[in-house]
Amino acid sequence: MFTNNMKRTKIAEVLSKEPIGQEVLVKGWVRAFRNNQFIALNDGSCARHLQVVVNPEHLDEQTLHRIKFGAAVGAKGQVVQSLGKGQRVEVEAREIFIYGDCNPEQYPLQPKKQSLEFLREHAHLRFRTNTFGAVFRVRHALAYAVHQFFHERGFFYLHTPIITASDAEGAGEMFRVTTLPLENVPRTPDGQVDYQQDFFGRPTNLTVSGQLEAELGALALGEVYTFGPTFRAEKSNTTRHLAEFWMIEPEVAFADLEDNADLAEAMLQYLCRYTLEHCAEDLQILEERLLEEEKAKPQEQRSPMPLREKIRFVVDNRFERLTYTEAIEILKHSPPNKKGKFQFPIESWGADLQSEHERYLVEKHFRKPVILTHYPAGIKAFYMRLDDPKEGVPGPTVAAMDILFPGIGEIVGGSQREERLEVLQQRMRDMHIPEEELYWFLDTRRFGTCPHAGFGLGFERLVQFVTGMSNIRDVIAFPRYPGNAEF
RNA sequence: GCCUCAUUAGCUCAGUCGGUUAGAGCGGCGGACUGUUAAUCCGUAGGUCCUAGGUUCAAGUCCUAGAUGAGGCGCCA
């Protein structure tokens with residue numbers, strides 16, 4: 001009979017402290033049962049399994065038969081030095097208790113390598129694999145480090161709304177939020193949808209960015225950041241877009257574009273360093289997985305360096321900073337442009353850079369993260385600060401900043417904000433953004449305005465970079481994308 | 001939204017020029033095994049060849065449409 005009068009010890013603790021001779025109770029899920037004798041037990045606390053050695057003399061035939069891949073079991077026994085070679089310590093089980101059976105004929109997971117596509121269809125179970133265990137432990141570490149980074153620097157965590165009434169930001173297609181009955185929408189006499197009868201008395205959407213609200217906070221609290229879910233209803237079908245993702249958006253008063261770039265670079269290096277120091281085992285698993293995955297690819301598509309080296313490279317090297325105008329010059333004279341290899345040839349100043357151009361700059365030309373600044377005003381948002389005209393620059397630019405990472409592309413997008421009321425109003429008129437809807441935003445410029453700056457970091461893209469997962473749908477627990485909202 | 005590729009056993013995939021009874025590895029199941037490490041060994045079951053049409057004496061194989069998945073592009077974080 002299983003006596004459950006002991007405190008459970010986590011496997012991470014047994015493996016790190018190696019308390020030889022101590023009696024422990026461990027609980028977890030069976031990852032392998034070899035030789036009718038050796039259970040590889042994993043409880044999620046760490047990447048590694050604990051070997052539990054079963055002594056058949058202490059175990060009835062029936063329980064032995066229930067030790068199956070995936071079953072939840074508890075094991076009580078002494079921690080001893082292992083006689084085998086794969087591990088230093090193991091638990092000599094005197095008692096085994098089956099919490100939950102796992103029928104192998106029905107269980108979708110198998111004790112073998114399974115494709116990421118298959119696991120994506122079983123996302124509710126994929127946490128139980130080595131790869132996804134590692135991904136989600138690293139994701140947690142990164143989220144924790146984000147708060148630690150900002151807290152250490154005196155930033156305040158601001159919770160901006162998830163439901164918003166402003167649809168004037170132009171950040172993308174929005175998801176409508178309503179309680180109106182879709183099958184029988186109330187109409188006004190002139191046939192329009194009668195939003196006065198809706199929950200908020202007006203049209204509302206899920207937020208596409210907390211930036212405008214964060215600016216309100218920054219112009220009083222000084223330094224704030226948001227870290228929350230963000231929604232874009234674009235039908236993007238790529239390895240780096242989600243309909244629901246998490247975004248980190250710091251906003252800093254009395255800061256200019258350079259301060260902004262400094263902050264973003266320091267943050268990315270801090271977060272990368274944090275995972276190297278706190279997630280060594282998980283990163284090793286992910287590095288080995290990536291190596292295995294890339295074996296199937298042609299040489300030129302493989303990563304130039306192993307995962308951890310790539311992360312260390314970001315920590316140890318200054319990001320390359322250059323202006324859009326300088327980037328255009330480099331691209332114009334680049335071999336692929338001259339040889340007509342770009343699908344979109346670089347011809348003149350003013351066009352937005354395509355993925356292929358960003359990739360060339362980051363992966364071929366500089367071979368390191370790149371901060372691109374001072375984009376043409378025409379291709380950037382209304383709230384970005386208009387630069388003073390500069391010699392050698394063909395048109396008006398804004399104090400924008402994009403950080404490009406190898407393999408992922410744009411990981412950060414930010415700017416110094418336009419703090420001058422008249423300039424901002426002119427920009428809004430030029431871009432057909434209604435002033436009335438953003439009166440509250442403009443009030444910050446009317447009353448005690450000051451220079452300020454901020455950026456947005458796509459959290460999943462950062463997790464992608466650090467874990468080496470190539471599809472963004474594999475770094476969020478339950479991905480939302482066009483045609484899929486399962487689980 | 002556009003382009004390319006794929007869909008065959010539970011999973012990963014092979015399947016020749018259209019030809020007769022569709023294969024492998026892993027996994028499952030049964031058995032053996034008290035030092036295994038992707039355990040091993042013996043045995044065994046398992047198929048609506050994505051769907052609907054079409055061409056043909058004959059279709060897993062060719063054609064058309066659709067569904068689903070993957071990758072790329074655009075939009076961006």
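In what follows, chains carry the letters A, B, and so on, assigned in the order in which the sequence lines appear, proteins first and then strands, with residues in each chain numbered from 1. Reckoned from all heavy atoms, side chains included, excluding hydrogens, waters and symmetry mates.
Base pairing in RNA chain B yields stems of at least 3 consecutive Watson-Crick or G-U pairs, both distances under 3.5 Å, namely B:1-7 with B:67-73, B:10-13 with B:23-26, B:28-32 with B:40-44, B:50-54 with B:62-66.
If you check distances only, the side chain of A:Arg240 never reaches the base of B:A77 with a donor-acceptor pair under 3.5 Å. In the interface, the side chain of A:Ser236 is paired with the base of B:C75 through a donor and an acceptor atom under 3.5 Å apart. Judged by distance alone with a 3.5 Å cut-off, a donor-acceptor contact links the side chain of A:Gln87 to the base of B:U36. Taking 3.5 Å as the limit, the base of B:G71 and the side chain of A:Thr238 contain no donor-acceptor pair of atoms between them. Residue-to-nucleotide contacts include a donor-acceptor pair under 3.5 Å from the side chain of A:Gln51 to the base of B:U36.
When heavy atoms are screened at a 4.0 angstrom cut-off, A:Val54 is found touching no nucleic acid atom at all. Heavy atoms of A:Lys380 sit nowhere under 4.0 angstrom from any nucleic acid atom. Within the 4.0 angstrom heavy-atom criterion, no nucleotide atom of any strand lies near A:Glu249. At the heavy-atom level, A:Thr230 lies nowhere under 4.0 Å from the strands shown.
Within residues 457-479 of chain A, the residues that have a heavy atom under 4.0 Å from RNA chain B are, in order of number, A:Gly458, A:Arg461, A:Asn471, A:Arg473. Contact check of residues 133-140 of chain A against RNA chain B (heavy atom, cut-off under 4.0 Å) returns no residues at all.
Atom CD of A:Gln284 and atom CZ of A:Arg289 lie 14.5 Å apart (nearest 0.5 Å).
Under the rule for a ring pair (Phe, Tyr, Trp, His ring centres under 6.0 Å), the partners of A:Phe118 that lie at least two apart in sequence or sit in another chain are A:His122.
For the C1' atom pair drawn from B:A9 and B:A45, the interatomic distance equals 11 Å after rounding to whole Å. Taking atom C1' in both B:G18 and B:C63, the straight-line distance is 13 Å, to the nearest Å. Comparing the P positions of B:A65 and B:C5 gives a spacing of 13 Å, expressed to the nearest Å. Nucleotides B:G47 and B:U8 place their P atoms 15 Å apart, quoted to the nearest Å.
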Could you write out each protein N or O paired with an N or O of nucleotides 32-34 of chain B at a distance under 3.5 Å?
unit_1: B:C33; atom_1: O2; unit_2: A:Asn35; atom_2: OD1; d: 2.7
unit_1: B:C33; atom_1: N4; unit_2: A:Asn36; atom_2: ND2; d: 2.9
unit_1: B:U34; atom_1: O4; unit_2: A:Glu57; atom_2: OE2; d: 3.3

Got a list of protein N/O to nucleotides 40-46 of chain B N/O distances below 3.5 Å?
none

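A:Trp246 is listed as a side-chain neighbour of A:Ile476, based on a closest heavy-atom distance under 4.5 Å.
Where A:Gly483 and A:Asn103 each meet RNA chain B at their nearest nucleotide, the meeting point lying more 5' is that of A:Asn103.
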